[in-house]
Number of protein chains: 2
Amino acid sequence: MSDGATPSKPNRRHDLPRGEAVYRALRRAIIEQALRPGDKLPEDVIGERFGVSRTIVRGVLGRLHAEGLVELKLNRGATVARPSLEEACDIFEVRRSLERDVVRRLVGRVTPRQIALLEAHVAREGEARARGAAESIRLAGEFHILLAELSGNAVIARYINELVSRCSLILALYGRPHSPDCAVNEHLEIVAALRSGDAGKAIAVMEHHLDAVTERALLASARTPQRDIRAILDAYAP
Amino acid sequence: MSDGATPSKPNRRHDLPRGEAVYRALRRAIIEQALRPGDKLPEDVIGERFGVSRTIVRGVLGRLHAEGLVELKLNRGATVARPSLEEACDIFEVRRSLERDVVRRLVGRVTPRQIALLEAHVAREGEARARGAAESIRLAGEFHILLAELSGNAVIARYINELVSRCSLILALYGRPHSPDCAVNEHLEIVAALRSGDAGKAIAVMEHHLDAVTERALLASARTPQRDIRAILDAYAP
DNA sequence: AAGGCAGTAATTGTATACAATTATAGATCA
DNA sequence: TGATCTATAATTGTATACAATTACTGCCTT
């Protein structure tokens with residue numbers, strides 16, 4: 001494989017801890033559902049593809065495991081995580097709590113500059129809708145992450161980031177295929193409510209939105225509870 | 001150093017992924033404040049002490065970093081984390097949200113078996129109070145962790161675990177030295193309120209307790225805002 | 001032909017070796 | 001004396017080598 005992976009700059013002082021690029025790439029691939037829940041993540045393959053050693057890959061997989069995006073089984077390697085339906089419910093429940101706090105913190109304190117940021121993001125969501133589902137899914141999630149970051153509480157931001165990312169997995173497992181979990185207009189409503197300064201309304205709008213998101217994400221769960229063969233055969237056997 | 005570290009069983013199939021013991025030991029040492037915020041954590045020293053290679057230690061430190069207990073600086077190694085005052089406030093704010101949810105979930109649904117578990121734990125807290133501060137601090141935190149686990153939401157449990165652990169760091173930095181952050185009788189009140197089945201009261205008791213915890217943890221923050229030399233010299237310079 | 005079993009290949013877990021960076025100590029010079 | 005620079009030591013970042021476990025293929029047995 002020689003040097004195909006790092007051609008441009010032979011040995012420029014790497015500003016980032018070597019594995020950062022691998023981390024971001026894997027994370028994005030998972031969130032955009034290019035890597036689907038259950039997919040195997042062999043250390044050799046990933047390492048060769050990015051031109052790093054297994055040491056680095058292993059660190060990245062551990063980090064993704066800590067964030068709940070990857071499962072690690074002893075001596076059996078890493079796979080993209082497959083959250084159970086129960087975990088999915090837990091995740092949405094915590095999201096509701098924390099995102100309520102986000103709105104509560106932002107309302108009345110949000111600056112015009114921040115509103116502009118949010119509106120710009122929603123605009124990008126609108127543009128991306130034509131370009132494909134993968135990017136839409138990612139941007140929809142990033143709206144909630146941006147909101148959490150603007151709230152000014154770093155702990156909430158980190159947790160929301162984790163939870164929203166894992167919602168991509170849930171959507172891939174239990175939702176309608178290739179549909180983003182958030183509607184652009186619902187995001188616009190949230191921004192509008194924040195700007196209005198009406199705390200009660202803003203919270204209500206956010207909760208309504210999260211109800212809708214939950215609904216969409218768990219929609220197909222009645223049809224395909226798991227990727228379970230027995231459940232599928234039930235429809236064909238007498 | 002030969003074989004002093006792993007004497008009893010030469011090569012028995014290690015049930016646990018090699019680093020688990022190191023992780024637990026370091027975690028406990030940090031939580032019990034044997035390792036204090038800012039203390040250096042050299043890979044060599046830790047590895048030799050536990051009879052594992054730096055590879056393992058590095059993985060453990062990364063994991064502790066993901067949990068917010070350890071800081072990693074590029075090329076400068078790991079230190080026990082020193083949460084800023086702002087981070088401390090963020091942490092307590094999220095704790096309030098999540099622990100309110102815990103109580104809300106438990107109240108009315110808690111079984112006698114679970115009540116017994118909680119009471120047994122509080123009893124151990126009482127016994128430990130005589131034995132020393134370190135164990136008391138840990139047990140006080142573990143009461144909240146147990147509560148979160150009993151709530152049945154695994155995500156909440158994981159986050160509470162993280163947040164409560166980090167509170168040990170906050171207490172070490174800004175609180176009165178060597179004092180546990182929770183009073184045993186306050187924990188008893190929480191259990192009593194849960195058993196009563198009165199949701200409003202249970203939530204109120206928990207919030208009151210968390211207020212008190214926050215108060216105690218951030219008490220000394222006026223006296224020693226940081227381990228900052230300038231602030232100390234202010235009292236002596238004209 | 002189906003199932004089980006051995007031997008081999010592939011993959012992961014851990015340790016060590018090497019490279020790069022940072023910290024330390026000693027020497028030099030003003 | 002004090003500061004700066006340099007050489008050396010200590011520590012971290014990364015890659016590779018080896019050991020252990022798991023997966024697979026083909027053969028053998030019934």
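Each chain gets a letter, A, B and so on, in the order its sequence line appears, and its residues count up from 1.
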Inset, instruction - Just compare C:dT12, C:dA15, D:dA15 and give me whichever is closest to any side-chain atom of B:Arg18. - result: C:dA15
Inset, instruction - Record whether the side chain of B:Arg54 comes under 3.5 Å of the base of D:dG13 through a donor-acceptor pair of N or O atoms. - result: yes
Inset, instruction - Report yes if some heavy atom in the side chain of B:His121 is under 4.5 Å from a heavy atom in the side chain of B:Leu139; otherwise report no. - result: yes
Legend entry - Atom pair distance, as rounded to whole Å: CG in B:Leu61 and C1' in D:dG13: 13 Å
Legend entry - Selection from D:dG13, C:dA15, D:dT16 that lies nearest to any side-chain heavy atom of A:Ser53: D:dT16
Inset, instruction - Measure from CD1 on B:Ile56 to C1' on C:dT16 and round the result to the nearest Å. - result: 13 Å
Legend entry - A:Asn75 CG - D:dA20 P separation (whole Å): 12 Å
Inset, instruction - With DNA chain D as reference, determine whether B:Thr55 or B:Leu41 sits nearer its 5' end, using the nearest nucleotide of each. - result: B:Leu41
Inset, instruction - Compare side-chain N and O positions of B:Arg76 against OP1 and OP2 of C:dA23 and report whether any pair is under 4.0 Å apart. - result: yes
Inset, instruction - Round to a whole Å and report the spacing from NZ of B:Lys73 to P of C:dA23. - result: 10 Å
Inset, instruction - Determine: side-chain N/O of B:Lys40 to OP1/OP2 of D:dT12, distance under 4.0 Å, yes or no. - result: yes
Legend entry - Contact check, side chains of B:Leu163 and B:Phe92, non-hydrogen atoms, under 4.5 Å: no
Inset, instruction - Please state how far atom CD1 in B:Ile46 lies from atom P in D:dT11, giving the value in whole angstrom units. - result: 12 Å
Inset, instruction - Might you confirm whether atom CZ of B:Arg129 has over 12 heavy atoms from other residues, nucleotides or ligands at distances under 6.0 Å? - result: no
Legend entry - Integer-rounded Å distance: C:dG13 C1' and B:Glu20 CD: 15 Å
Legend entry - Salt-bridge present (A:Glu20, A:Arg24; N to O < 4.0 Å): yes
Inset, instruction - Please report, rounded to the nearest Å, how far the C1' atom of C:dA17 is from the CG atom of B:Asp44. - result: 13 Å
Legend entry - Contact check, side chains of A:Tyr159 and A:Val94, non-hydrogen atoms, under 4.5 Å: no
Inset, instruction - Quickly work out the A:Leu74 CG to C:dT14 C1' distance and round it to whole Å. - result: 12 Å
